[in-house]
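Every heavy atom of this structure was used, including side-chain atoms; hydrogens, water molecules and symmetry mates were not. For clarity, every value in this text was computed on a predicted model and none was experimentally measured. Letters go in sequence order (proteins before strands), and every chain restarts at 1.
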Protein chains: 2
Amino acid sequence: MLVNLSAKTTRESGGKQAGVQSIRRALAVIQVVADHNRSGVGLSKIAGEVGLTPSTTHRIAAVLVDEGILSHNGATKLYHLGIGLYLLGSSARQYQVRDIYRDTLEKIAEQTGDTVFLIMQSGYDALCVDRVVGNTPIQILSLNIGERRPLGVGAGSLAILASLPGDQRERIMRHNRRRYAAYPGYSPDDLARMIKMYREQGFVVNTVTPYTIGVGTCVHDEEGTLIGAVSVSGIVSQMDRKRQKQIAALIKSAIQ
Amino acid sequence: MLVNLSAKTTRESGGKQAGVQSIRRALAVIQVVADHNRSGVGLSKIAGEVGLTPSTTHRIAAVLVDEGILSHNGATKLYHLGIGLYLLGSSARQYQVRDIYRDTLEKIAEQTGDTVFLIMQSGYDALCVDRVVGNTPIQILSLNIGERRPLGVGAGSLAILASLPGDQRERIMRHNRRRYAAYPGYSPDDLARMIKMYREQGFVVNTVTPYTIGVGTCVHDEEGTLIGAVSVSGIVSQMDRKRQKQIAALIKSAIQ
DNA sequence: TGTCATTTTTCACAATGTGGAAGGAAAAAA
DNA sequence: TTTTTTCCTTCCACATTGTGAAAAATGACA
């Protein structure tokens, strides 16, 4: 074998799981085409960039075209992204707000030096839609983009829960009751206290990962509809009461 | 084998090409998750819908999660679409206008009964971004969504070329000179004549597929920037000069 | 505590995916 | 024009990769 992408000489060695080579390769092909989507890419260039033989690349690209993920121009022989990929991506519209708040998050991260999160509600969950890290040496990365937590767990997550109408909030908390048990400091009493805090002062402060503190507040659109929440996380020692208030004020002014 | 998705008993039988089973399966898994993206889906439901065993489905879903295409909630065991899929879909932004003009195209298709196309420029190509078929028994489907033609070939395509500034137009026509040769009725003289027609009367009429005629005109945004073109295709016998003008007027009023 | 419904891991087997080689097709050079 | 080069596509023997039944693990519910 000329190329050995995932460095696997025998099954299961190397660490990566086995049995999915071709799927990984297909995704790599799609990524290369995405990188050259504007002008299009030829087969041999794709093959070169993913490190496969032209024949294997051709077979993979042919299925992707057949499935509408890529499109192929018979005259120019160039591959572009297909309508199928766009439609699939459009199904993932939970991430759309990301584009709107990117700049705002970056601004907050720059001014605080801490990690900033954009959180949205998704059913009974809080979904992390975006994350920007600051330039402070210690960053809180316990929550990745695309990850979910029970609605209520985490600063942004809790801010959303607290600002929901009472009946919805009750239903969600009842549904998540068992899930809260996995997090220390999320007893019904703790939750009630934090929700009250949010309603009184307009932001919430809490801890999910030990030794860290998050400060969060909700984001609404011009009409006052709830969109999601923005939160900033740092280590406990750098998050005294005064700084918490400053950060809450900073978030609010950044999101207008 | 319990299930036989692409009906393939021995290699290469059945018609579909061999050697890509797992990629097709992975795409099927993504599609099922997309269908249940709002609420999330469990493994056994995915397995049931794509017709695979839980173990195979699990392996496929695990790679997709690892690659960020899907996301998986460890607590609820539900799968959702991942940020990776959204980002890939965002790379295919050439299809974005589609969402804006969908309704307009459908309206035109209903009123004319013919096939309506939304065409955009993409480099030296015209890209078919959307297509809506009418209710007339004969429909012109020679151009599929995602397909490309040299800019200038086709009614919408030609309308775009004709409305570009002179120097750009020259450069594109020079680049495409050889490609035009594949289409009858696309000599330099023919092209010049059709471009002149567009500039004089605001729409263009031409033939790519024999026995069919397309009528096309450009779409601009509020500021007058060129977005693309809309065209209507029907069979020659139903496209006399009078109807061509009617259709051109109809398109123009529909797109405002 | 035990039962039931899931998800996850394991493993022997062969079907699927592989890439070298050869055939085409089209562009570039002579 | 013909030759050379480059790139795309098809073919096929081989073994790596993907498969699914079964077993193990997890968790919900009573």
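- Remark: the A:Ser22 side chain and the B:Ser22 side chain contain an N/O donor-acceptor pair separated by less than 3.5 Å.
- Under 4.0 Å is where a charged nitrogen must lie from a carboxylate oxygen, and between B:Arg179 and B:Asp125 at least one such pair does.
- Checking A:Arg148 against B:His80 by side-chain atom types alone, a donor-acceptor pair falls below 3.5 Å.
- The nearest whole Å value for the distance from the CG atom in B:Leu43 to the P atom in D:dA25 is 19 Å.
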Worked verdict on B:Gln94 versus B:Ser122 for side chain to side chain donor-acceptor pair (under 3.5 Å): CA-CA 8 Å; B:Gln94 60 260 46; B:Ser122 172; 6.0 Å; no
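- Each of B:Ile60 and A:Arg178 was assigned the nucleotide of DNA chain D with the nearest heavy atom; the assignment lying further toward the 5' end belongs to B:Ile60.
- In this entry the distance linking CG of B:Asn73 with P of C:dT8 reads 11 Å, nearest Å.
- Summary of helix geometry: the two end axes of the helix from C:dT1-D:dA30 to C:dA22-D:dT9, each defined by five base pairs via their C1' atoms, are inclined to each other by 50° (rounded to 10°).
- Following rounding to the nearest Å, A:Arg59 (CZ) and C:dT16 (C1') show an atom-to-atom distance of 9 Å.
- When rounded to the nearest whole Å, the span between CD1 of B:Ile23 and P of C:dT18 equals 7 Å.
- In the set C:dG19, D:dA21, C:dG17, C:dG17 carries the atom at the smallest distance from any side-chain atom of A:Gln21.
- A:Thr56 comes within 4.0 angstrom of a nucleotide base, judged by non-hydrogen atoms across all strands.
- Nearer to the 5' terminus of DNA chain C, by closest-nucleotide assignment, is the contact made by B:Ser55 (compared with the other of A:Ala75 and B:Ser55).
- Judged as a ring-ring contact (aromatic ring centres under 6.0 Å, His included), the pairs with a partner in residues 151-176 of chain A (not counting sequence neighbours) are, in order, A:Tyr124-A:His175.
- Side-chain atoms of A:Tyr186 and A:Asn206 include a donor-acceptor pair closer than 3.5 Å.
- In this structure, A:His58 atom NE2 and C:dA25 atom P are separated by 14 Å, rounded to whole Å.
- As rounded to whole Å, 11 Å separates atom P of D:dA28 from atom NE2 of A:His175.
- When the side-chain nitrogen and oxygen atoms of B:Arg25 are compared with OP1 and OP2 of D:dG20, one or more of them lie within a distance under 4.0 Å.
- Between B:Tyr95 and A:Tyr86, the two ring planes are tilted [angle within 30° to 60°].
- Note: OH (B:Tyr79) to C1' (C:dT6) measures 12 Å, nearest angstrom.
- Between the NZ atom of B:Lys77 and the P atom of D:dG27 there is a distance of 6 Å, rounded to whole Å.
- For B:Ser22, no side-chain nitrogen or oxygen approaches OP1 or OP2 of C:dT16 to under 4.0 Å.
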